[in-house]
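Keep in mind it's a predicted model, so treat the numbers as computed, not measured. Residues: numbered from 1 along the sequence shown.
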Amino acid sequence: MEPENDTQISEFLLLGLSEEPELQPLIFGLFLSMYLITVCGNLLIILAVSSDSHLHTPMYFFLANLSFVDICFTSTTVPKMLVNIQTQSKVITYAGCITQMYFFTLFAVLDVFLLSVMAYDRFVAICHPLHYTVIMNPQLCALLVLVSWIMCILNSLLQSLMMLRLSFCSHVQISHFFCELNEMVQLACSDTFLNNVVMYFAAVLLGGGAFVGILYSYSKIVSSILRISSAQGKYKAFSTCASHLSVVCLFYCTMLGVYLSSASPHSFHASAVASVMYTVVTPMLNPFIYSLRNRDIKRALKRIIWVPVM
C-alpha cells in the first residue's frame, strides 16, 4: 500500500530540545534570557547607529541592517518554542510551520548575504581607502541591501512553494524546536527528489557564492595588510575588520557543526542542539562582538543609556 497522502494535514509536533519534564523550566528560562538579550542588544545597536551622525557610514549602515535581521531571525523560532513550553504543547499548525520555515530561510540566507556585503565594504576600505567614499556611496549601499533582500525573498518563496507540493503522513513529529527545511523534506511521504535538487542548488549558489565572496575579500585584505610596513599600521587596519571576521567565523563554524552533526545517523537531537548556536547564540553575541572594542559604538551607547559603557 502507498503511504497515506495526507495533503491536508493540519499540524505537526515539535519535539524540541528535550522531552524531559524537569528540564523544561530550565530551557524556558535560558531561552527567554537569550532572546531578551538578543533583542535588546541588537535594538541598542540600531538605535546607536540611527541616533549618532558619526555612525552614518556604510559599515554601520550594514551593521544596523544585520542587527535588524538578527532580531527577525531569532524571532522566527524562539517565541514559538517558549509558547510551546509554557503551554506544555508541542503542536504547530501546518500553515504556521510553512510560515516559520519561510521566514527562517529568508533571514538565515539574508544573514549570510549581509556578512558578505560587509566583507566587501571592509575590502574597499582597506584595499582602496582613497576611493572608499566614491565606491561605497549611499546609492550602492542601498542597492546592495535591496538586492540581498530580493534574492533572499525569492529563494525563500521558491523553497516554500516546493514544500507545498509535498504530502505528509499522519502524526508527523519534527525532531527539532522549529520547522527546519531539510528535516521537513526528509519527513515527506511523497517524492522529494526535485525538492532536494532545488534546496542544495540554492545552498551552493547562494550560501557558497556568498562564502566565496567573503574568502576573496579577506584574501585581498590580508594581502594588503601584509604590505603595510609599520606594525601599528597593520594593527589599525586589522582592527577595522576584526569584529566582522569574528562574526563570520562564529556563524559559519556553528552552521558547519550543524551539518556535520546531521550527517551522522540518528543525530536529529544533536542537530537540534547544534542549531541553537547559529540560530540563538550567534545573534545574541553579535552586539557584544561589535561593541566591546568599538569606541564609536560605545560612545553612541553612552548617549542612549546615559551611563558609561566600558
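In terms of hydrophobic clustering, with Ile, Leu, Val, Met, Phe, Trp and Tyr side chains grouped at heavy-atom distances under 4.5 Å, Leu143 and Val124 are assigned to different clusters. Under a hydrophobic-cluster definition in which Ile, Leu, Val, Met, Phe, Trp and Tyr are linked whenever side-chain heavy atoms come within less than 4.5 Å, directly or via other members, Leu164 and Ile92 are assigned to the same cluster. Val69 and Leu115 end up in the same hydrophobic cluster when Ile, Leu, Val, Met, Phe, Trp and Tyr side chains are linked at under 4.5 Å.
Taking every heavy atom of both residues into account, Leu55 and Ile297 meet most closely at CD1-CD1, 4.1 Å. In this structure, Thr99 and Ala95 approach most closely via the heavy-atom pair OG1-O, 2.8 Å.
Tyr290 and Ser67 share no side-chain donor-acceptor pair at under 3.5 Å. Side-chain contact of Tyr132 with Asp121: a donor-acceptor pair under 3.5 Å is present, judged by distance alone.
Of the possible donor and acceptor atoms, one in the side chain of Gln100 sits under 3.5 Å from a partner among the backbone N and O of Cys179. The backbone N or O of Met284 sits nowhere less than 3.5 Å from a side-chain atom of Asn286 that would complete a donor-acceptor pair. A side-chain donor-acceptor contact under 3.5 Å links Glu183 to the backbone of Ser175.
Distance check, rounded to the nearest 0.5 Å: OG of Ser223 to CD1 of Ile126 gives 11.5 Å. Atom CZ in Arg303 sits 5.5 Å away from atom CZ in Arg299 (nearest 0.5 Å). Rounding to the nearest 0.5 Å gives a distance of 9.5 Å between CE of Met163 and OG1 of Thr192. For the atom pair Phe31 CZ and Thr38 OG1, the distance stands at 10.5 Å (nearest 0.5 Å). Here the straight-line distance linking atom NZ of Lys298 with atom OG of Ser291 works out to 8.0 Å at 0.5 Å rounding. Taking CD from Gln86 and CG from Leu82, the interatomic distance works out to 8.5 Å, rounded to the nearest 0.5 Å.
When each of Phe104, Phe68, Phe107 is paired with Phe73, the ring-ring contact (aromatic ring centres under 6.0 Å, His included) condition holds for Phe104 and for no other.
Atom CD of Gln232 sits in a sparse spot, with 12 or fewer heavy atoms from other residues, nucleotides or ligands closer than 6.0 Å. More than 12 heavy-atom neighbours from other residues, nucleotides or ligands sit within 6.0 angstrom of NZ on Lys90.
A distance below 6.0 Å separates the ring centres of His244 and Tyr218. In this structure, Tyr278 has its ring center no closer than 6.0 Å to that of Tyr252.
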Discussion item. Please evaluate residues Ile45 and Tyr60 with respect to the criterion side chain to side chain contact (heavy atoms under 4.5 Å, CB included), reporting the C-alpha separation (whole Å), side-chain torsions for both, the decisive distance (0.1 Å), and the verdict.
Written reply: CA-CA 9 Å; Ile45 294 293; Tyr60 294 113; over 6 Å; no
